[in-house]
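Below you'll find the structure, written out as C-alpha cells, and then a few comments.
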Protein chains: 4
Amino acid sequence: MPLSTSEQQDVDALRAASAPTRRSTVPDLEAMLYKALPVLDHGFVRVVDYMGGDGAVVQAARVSYGAGTRRTREDAALIRYLMRHAHTTPFEMCEIKLHVKLPIFVARQWIRHRTASVNEYSARYSILDNEFYVPAPQHLAAQSTSNRQGRGGVLDGREAERVAALLRAEAERVTELLRADAAQAYAHYEEMLNEDAAGAVRDPSRRGLARELARMNLSLNVYTQWYWKVNLHNLLHFLRLRGDAHAQYEIRAYAKEMLKVVQRWTPLTYDAFMEYRVNGASVSARGVDVLRRRLRGERVSRRDSGMSRAEWRELHDLFPLEPRTQPLLPGVSG
Amino acid sequence: MPLSTSEQQDVDALRAASAPTRRSTVPDLEAMLYKALPVLDHGFVRVVDYMGGDGAVVQAARVSYGAGTRRTREDAALIRYLMRHAHTTPFEMCEIKLHVKLPIFVARQWIRHRTASVNEYSARYSILDNEFYVPAPQHLAAQSTSNRQGRGGVLDGREAERVAALLRAEAERVTELLRADAAQAYAHYEEMLNEDAAGAVRDPSRRGLARELARMNLSLNVYTQWYWKVNLHNLLHFLRLRGDAHAQYEIRAYAKEMLKVVQRWTPLTYDAFMEYRVNGASVSARGVDVLRRRLRGERVSRRDSGMSRAEWRELHDLFPLEPRTQPLLPGVSG
Amino acid sequence: MPLSTSEQQDVDALRAASAPTRRSTVPDLEAMLYKALPVLDHGFVRVVDYMGGDGAVVQAARVSYGAGTRRTREDAALIRYLMRHAHTTPFEMCEIKLHVKLPIFVARQWIRHRTASVNEYSARYSILDNEFYVPAPQHLAAQSTSNRQGRGGVLDGREAERVAALLRAEAERVTELLRADAAQAYAHYEEMLNEDAAGAVRDPSRRGLARELARMNLSLNVYTQWYWKVNLHNLLHFLRLRGDAHAQYEIRAYAKEMLKVVQRWTPLTYDAFMEYRVNGASVSARGVDVLRRRLRGERVSRRDSGMSRAEWRELHDLFPLEPRTQPLLPGVSG
Amino acid sequence: MPLSTSEQQDVDALRAASAPTRRSTVPDLEAMLYKALPVLDHGFVRVVDYMGGDGAVVQAARVSYGAGTRRTREDAALIRYLMRHAHTTPFEMCEIKLHVKLPIFVARQWIRHRTASVNEYSARYSILDNEFYVPAPQHLAAQSTSNRQGRGGVLDGREAERVAALLRAEAERVTELLRADAAQAYAHYEEMLNEDAAGAVRDPSRRGLARELARMNLSLNVYTQWYWKVNLHNLLHFLRLRGDAHAQYEIRAYAKEMLKVVQRWTPLTYDAFMEYRVNGASVSARGVDVLRRRLRGERVSRRDSGMSRAEWRELHDLFPLEPRTQPLLPGVSG
C-alpha cells in the first residue's frame with residue numbers, strides 16, 4: 001500500500017470532485033486520474049493532470065480552428081504518418097503531469113532526461129520518510145559476465161540451476177544487508193537531525209544537524225518523490241529508452257506502468273508508437289545489405305558482412321537464419 | 001474581423017460543448033476559451049487549451065498528494081515567495097496552448113524563444129492567405145536617431161510637431177508602398193503557383209511552381225499562424241521581454257493580450273509577476289552604491305558613480321533626483 | 001563570390017594567425033577554418049570555432065582523466081557502439097560554431113531546431129544587403145502532384161519531356177518575377193528608410209521609417225546571416241532531417257556542405273552516422289513481419305501485411321521484390 | 001590530493017602537449033587547463049576544454065566576419081550593455097567543459113540545471129571508489145530554526161557561544177556516524193559485488209550481485225564524477241543561483257572555484273556579471289516605492305509599504321535606514 005491513510009483521503013477527495021470544462025477530455029484517462037498505480041515495493045505513479053489527447057496531435061498537425069479531428073480512421077492514418085516520418089512536433093502538443101514515488105538511484109537515471117519539468121520533495125527543507133527499496137529475490141540477478149552491463153539474461157539448463165541455487169543462497173544475505181544498512185542509516189539520520197519523521201524534537205538539550213546535511217547519510221535506495229511534467233513526444237522518447245530490455249529492471253517497472261497510461265490517454269498514438277518505435281527495428285547500412293542479399297537467396301557470412309559479432313547477433317535475433325542453417329532432420333522446425 | 005465565417009463556426013462549436021472533468025479548472029479562463037482576441041489588423045491570439053492554474057504552482061511547490069492549496073492568502077504568500085527568490089520550477093507545472101495569427105516578421109522574433117512547442121501552418125504544403133500587416137499611421141514612427149534601436153520615443157514640443165508633420169506627410173506614401181508591394185507579390189505568388197488561394201488550378205496548360213518555392217516571393221508582413229504551447233514560467237519570461245517598452249510595438253501588441261490571459265488564468269502569479277518582474281527594478285552594484293549614498297544624504301555625481309551616461313539616466317528615471325538635492329538657484333531646473 | 005573584399009580580408013587575417021593551445025585540435029578542420037563554403041547563389045557556411053573531436057566523444061564515454069582515446073580501432077568500435085545504441089550524450093561533448101548566410105525562408109525552417117544557439121544579424125537595428133535568392137532553372141521544379149508535398153520527383157520518359165518543356169517555358173517567367181519583385185521591394189525598403197545600404201541619409205528633408213518597420217516590405221528570399229552554435233549530437237539530428245531527400249532542396253544544399261564539415265571534424269563519428277542513421281533503415285513492426293516471411297520464402301501481399309500503400313512502397317524501395325519471387329508468366333504483374 | 005598518481009600522470013601528459021590552432025585562445029585559461037582545482041575533502045573541478053572568450057561574445061553580437069573585437073574599452077562597454085539589457089544570446093557563444101568530482105547529494109542539486117551536457121561515471125557498469133564526503137566541523141552547522149531552510153546564519157554573543165559549544169560537542173559524534181556508516185555501506189557494497197574496487201573477484205565460489213543493484217547500498221555522500229559542458233550564459237545562471245548565500249555550502253564551494261575560472265576565461269563578462277547580477281539588486285515594485293519615498297525624505301513604515309516582514313528586512317539589509325532618519329536622541333544609534 002504505497003499511500004498513507006491521509007494521503008489516500010486527499011486522493012479520494014480529488015477523485016470525488018468534478019467540474020465542467022470546454023477543454024478536450026479523455027474519459028479513459030479521467031477514470032484513473034489521481035489514483036496511485038503501485039510500482040516496486042513502495043513506489044507509485046499517479047496521473048495528476050493532462051492536456052490534450054490524440055485529437056490535439058491532429059489539430060496541431062492541421063493547424064485548425066476547430067478540434068481538427070475527422071473520422072477516427074483518418075486521424076489514425078495521419079498519426080501513423082507523423083510517427084513514421086518523425087514529424088514530432090504535433091506530439092509535443094499533449095502534456096501530462098505525474099506524481100512519482102521512486103528510489104533515489106532510479107531518480108538519478110530518470111533525471112538525465114532533461115526535457116521535462118520536475119519538482120522534487122526537498123530533503124534540504126523536509127524530512128524523508130523511512131522507506132527504502134529492497135529488491136524481490138527474483139530481481140537480485142547477478143551481473144552479466146559477458147558484457148558487464150546490467151544483469152545477466154536468462155540462462156539455460158544446468159548453468160541456470162547452479163546460478164539459481166547460488167542466488168537463493170545469496171539473496172537472503174543481500175536482502176539482510178540492504179535492510180540493515182538502510183535502517184541503521186535512517187536511525188542515525190534521525191539522531192543527527194534530533195527530530196523524528198514528523199519533525200518533533202527528540203532531545204531538547206541538543207541542537208540537531210541541518211536537514212540538508214543529515215540527509216547525506218541516507219542510502220541510494222531511500223524513496224523520494226516528485227512531480228514530473230512532460231509532453232507526449234518526450235514521454236515516448238523516455239519510454240522507448242527506459243522501457244527497453246537494456247534498461248535497468250527498476251526503471252523499466254515505472255516505464256511499464258506509464259506505457260499503460262499512454263495507451264489510455266492517446267490510443268492512436270500508442271498504436272503508432274508500438275508499431276514504429278517499440279516493435280519496429282533500426283537496421284544499419286550493412287544490415288540492409290545483408291538482408292537484401294539473403295532476400296535474393298544468397299548466403300552471407302559475418303566476415304563478408306563487415307559486421308561485428310554483436311551486430312551480427314542482433315540482426316539475426318530479429319531476422320533468424322532459415323531452417324537450412326539449423327536442424328537437418330525433417331519435421332524438426334527451426 | 002480576424003476569423004472567416006467557417007472558422008468562427010468551428011470556434012462556436014467548440015465553445016458550445018462542455019464535458020465533466022476531474023482536473024483542476026479555471027472558470028475565468030474557460031469563459032474565454034477558443035475566442036479570438038484581435039491583435040493588429042488581421043491577427044489574433046486564442047487560448048486553445050490549458051493545464052493547471054495558481055493551485056498547480058502551490059501543489060508542486062508542496063509536492064502534495066491533494067490539491068496542495070490552503071487559504072488564498074497563504075497561497076498568495078507562497079507564490080510571492082517563489083517569484084521573489086527565483087524558485088521557478090513550480091511555475092513550469094502550468095501549461096497553456098495558444099493559436100496565434102501573426103505577421104511573419106513578428107513570428108521571426110517570437111520563435112527566438114526556444115522553450116516552447118510550435119506547429120506552424122506550412123507554406124511548403126499549403127497556400128498562404130492574401131493577408132498582410134500594414135501599420136496604422138500612428139505606429140509608423142521614425143527610427144530613433146539617438147541609438148538606432150527601434151522607433152524613437154515620445155518627443156517634446158516643437159520637435160514633436162515637426163516630426164509629426166513629416167510623418168503625416170510620409171505615412172500615406174509608406175502605407176501605399178506596403179500595400180502595393182504586398183498585393184503585387186501575392187498576385188505573382190498565385191501566378192507562379194498557377195493556383196488561387198483555395199487551391200484551384202488557374203491555367204490547366206501550365207504546371208505551376210512548387211508551393212515551397214513560390215512562397216519565397218511573399219513579403220515579411222504576410223500573416224502566418226501557429227499553435228504555440230508553453231509553460232507558465234517560460235511564458236512569463238517571454239512576456240517580460242516582449243512586453244517591455246524596448247520591444248517592437250507589433251510583438252508588444254501580442255504580449256499585451258497574452259498578459260490579460262495570464263491575469264485570468266493565474267491571478268496570484270500575475271500579481272507576483274507584476275510586483276517583482278514588471279514593475280520592480282534591477283539595480284546594478286554601482287546603482288546600489290549611488291542609492292545608498294543618496295539615502296545617507298550625500299550628493300553623488302555621475303563621474304563619482306563610475307556609471308555610464310545611459311546607466312545614470314536609467315537609474316534616475318527610476319529614482320528621480322529631488323529638487324532639493326539639485327540646483328541652488330531658484331527657477332533653474334535640473 | 002559570397003564575400004565582399006573587406007569581409008574576405010577579415011577572414012584572411014584570422015586564417016593567417018595561429019596560437020599554441022593545450023586543447024585537443026583537429027588539423028583537418030583547422031585547414032578549412034573561417035573559409036566561406038559557397039551554398040546557393042549568395043549563401044555560405046563558415047566554421048568559426050569548434051570544441052573537441054572524435055577523441056572528446058571517447059573521453060566523455062570513458063569519463064577519463066586523460067585524453068581517453070586508445071587505438072583508433074577501439075575508438076571507432078566504441079563510437080559505433082554508442083551510435084548504434086543511442087547513447088547520445090557523449091556526442092554532446094563536441095561543439096561547433098558556424099557563420100551561415102542564407103535566405104530568410106530557409107532560416108525559418110532552420111530555426112525550428114531549437115537546440116542550438118543563434119545570433120542573427122538584426123534587421124531591426126541594421127540595414128539588410130540587397131541580396132536575394134533566385135533558384136537556378138533546374139531547381140524550379142513543379143509541385144509534386146501526388147502528395148502536394150515539396151517538389152515532384154524525377155519523372156520518366158515522355159511525361160518528363162513534356163514537363164521539362166513546360167518548365168523551360170515557365171522558368172524564365174518565374175525567374176523574372178522573383179528578380180523584379182525583390183528588386184522593387186528593396187528599392188522601396190531604401191526609400192522608406194531614407195537610407196542607402198551603407199546607412200547614408202538619402203533625402204535630408206525626410207525622416208525615414210524605423211528599420212524595424214521598413215524591413216517588413218522585404219521578401220522571404222532576401223539573405224540574412226547568423227552565428228549558429230550546436231553540439232555534435234544535435235547537429236547530426238539536424239543533418240539527418242535536413243539532409244534527407246524529403247527536405248526542401250535549398251536547406252539540403254546547406255546540409256550537404258555541413259556534412260562535409262562533420263566528415264573532416266569527426267571522421268569516426270561521421271562513419272558511424274552514415275552507417276546507422278543515414279544509410280540504415282527504420283523498419284516498422286509490420287515491415288519486420290513481412291521481411292521475416294519473405295526470408296522464409298513466403299509470398300506476402302500488401303493486403304496480408306496490413307500496411308498502407310505508402311508504407312508498402314517504402315519497404316520495397318529498400319528491399320526490392322526479387323524477380324524469382326515474382327510471376328514467371330510474362331505480362332502478369334506481381 | 002584529489003587525484004591518484006596515474007590520474008595525475010594523465011593530466012600532466014595533456015598539460016605538456018601543445019599544438020597550433022587558428023581558433024581564438026585565452027592564455028590565462030590555458031595556463032590552468034586540465035589542472036584539478038580541489039573542492040571539499042576529495043572533490044575537484046578541472047577545465048578540460050573551452051570555446052571562445054570575451055571576443056566571441058562581441059563577435060556574435062556584431063555578427064562579424066572577423067574577430068569582431070575593437071578596443072578593449074569598447075568591447076567592455078558592449079558586454080556591459082548586453083548584460084544590463086538581458087541580451088543573453090551572445091553569451092551562449094562561449095562553451096566550457098569541466099570534469100567534476102562531487103558527492104552524490106551535491107550532484108543531485110547540480111543536475112537540476114537542465115541546460116548542460118553531462119556524462120557521469122556509471123555505477124551501473126563500473127565500481128565506485130571508496131571516497132565519501134565528511135564535512136569539516138565548522139560546516140556542521142545546525143538547521144536554521146527561523147525558517148527551516150538550510151543552515152542557520154551567524155549568531156551573536158552568548159547564544160553563539162552556547163551553540164558553538166553544543167556543536168563542538170555534537171560534531172565529533174556526527175563525524176563519527178558519517179564515517180562509520182559510509183565505511184560499512186561500502187564494505188557491504190564490495191561484499192555484495194564480490195569484487196574489490198579494482199574489479200577483482202573476491203570469492204570465486206560466489207556470483208556477486210549486479211553492480212547496478214549493489215550501488216543502492218551506498219550513501220549520498222559518496223563521490224561521483226562527471227563531464228559537464230555548458231555555455232557561458234547557462235554557466236552564469238548556475239553560478240548566480242548556486243553561488244548565492246542561500247545555496248547549500250557544499251555546492252557553493254564548487255561555484256566559488258568555477259567563478260574563478262570565469263574570471264580567467266572571460267574577464268570582461270565576469271566584471272559585468274558581478275556588477276549587474278551578483279552585486280546588483282532586484283527591487284520589487286513596493287521596494288521601488290519605499291526607496292523613492294525615502295529619497296524624498298519621507299519616513300516609511302513597514303505597514304505603510306505593504307511589504308511582508310521578510311521583504312522589508314531584505315530591502316533594509318540592502319539599503320539600511322540611516323541613523324539620522326531614525327534616532328530622536330543624539331548619540332543613540334538606530
Side-chain angles (χ1 to χ4, degrees), chain A residues 103-105 107-109 111-112 114-116 118 120 123-126 132-133 135 139-144 148-152 163 166-167 169-170 173-174 177-178 180-182 184-185 188 191-193 205-222 248-250, chain D residues 103-105 107-109 111-112 114-116 118 120 123-126 132-133 135 139-144 148-152 163 166-167 169-170 173-174 177-178 180-182 184-185 188 191-193 205-222 248-250:
Chain A
I104 289 176
F105 74 94
R108 296 230 307 133
Q109 293 183 323
I111 201 76
R112 291 171 56 191
R114 290 157 294 180
T115 50
V118 184
E120 186 171 356
R124 219 189 143 192
Y125 306 150
S126 312
F132 44 87
Y133 171 62
H139 297 127
L140 283 172
Q143 181 81 12
S144 163
R148 305 264 75 176
Q149 286 161 25
R151 284 163 249 188
V163 167
L166 270 171
L167 288 176
E170 295 186 26
R173 169 75 179 146
V174 163
L177 285 178
L178 289 173
D181 283 1
Q184 175 178 314
H188 290 160
E191 179 183 339
M192 287 190 274
L193 284 176
S205 76
R206 290 175 48 225
R207 283 280 290 187
L209 192 63
R211 291 169 180 176
E212 67 179 24
L213 279 178
R215 62 166 160 175
M216 82 171 72
N217 200 53
L218 296 174
S219 52
L220 287 162
N221 57 349
V222 164
Q248 184 163 350
Y249 163 75
E250 283 74 19
Chain D
I104 290 176
F105 73 94
R108 297 231 306 136
Q109 294 183 322
I111 201 76
R112 292 170 57 190
R114 290 157 293 181
T115 49
V118 184
E120 186 171 355
R124 219 190 142 189
Y125 305 149
S126 312
F132 44 89
Y133 170 62
H139 297 126
L140 282 172
Q143 180 82 11
S144 163
R148 306 263 77 177
Q149 285 160 25
R151 283 164 248 187
V163 169
L166 271 171
L167 290 176
E170 294 185 29
R173 171 70 178 150
V174 165
L177 285 179
L178 290 172
D181 283 0
Q184 175 179 313
H188 290 160
E191 178 184 339
M192 290 190 274
L193 286 175
S205 76
R206 291 176 48 227
R207 282 280 291 186
L209 191 65
R211 290 169 181 176
E212 67 180 22
L213 280 177
R215 63 165 158 174
M216 82 171 75
N217 201 51
L218 296 173
S219 52
L220 287 162
N221 57 348
V222 163
Q248 184 163 351
Y249 164 75
E250 283 75 17

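Although no hydrogens or angles enter the test, the distance criterion places a donor-acceptor pair under 3.5 Å between the side chain of A:Arg215 and the main chain of A:Glu212.
When heavy atoms are compared at a cutoff of 4.5 Å, D:Ala107 approaches chain A solely by way of its side chain, counted from C-beta outward. Residue contact with chain D, scored on non-hydrogen atoms closer than 4.5 Å, is absent for A:Ala180.
Comparing A:Gln109, A:Met216, A:Arg114 by heavy-atom pairs within less than 4.5 Å of chain D, the highest count is held by A:Met216. With chain A as the partner, the residue from D:Ile111, D:Val174, D:Leu218 showing the most heavy-atom pairs under 4.5 Å is D:Leu218.
Between D:Tyr249 and D:His139, the two ring planes are parallel [angle under 30°; tilted spans 30° to 60°].
Using modelled atom types and a 3.5 Å distance limit, the side chains of A:His188 and D:Asp181 yield a donor-acceptor pair.
Partners of A:Arg112 under the salt bridge (charged side-chain N to carboxylate O under 4.0 Å, His left out) rule, at least two apart in sequence or in another chain, do not exist in this structure.
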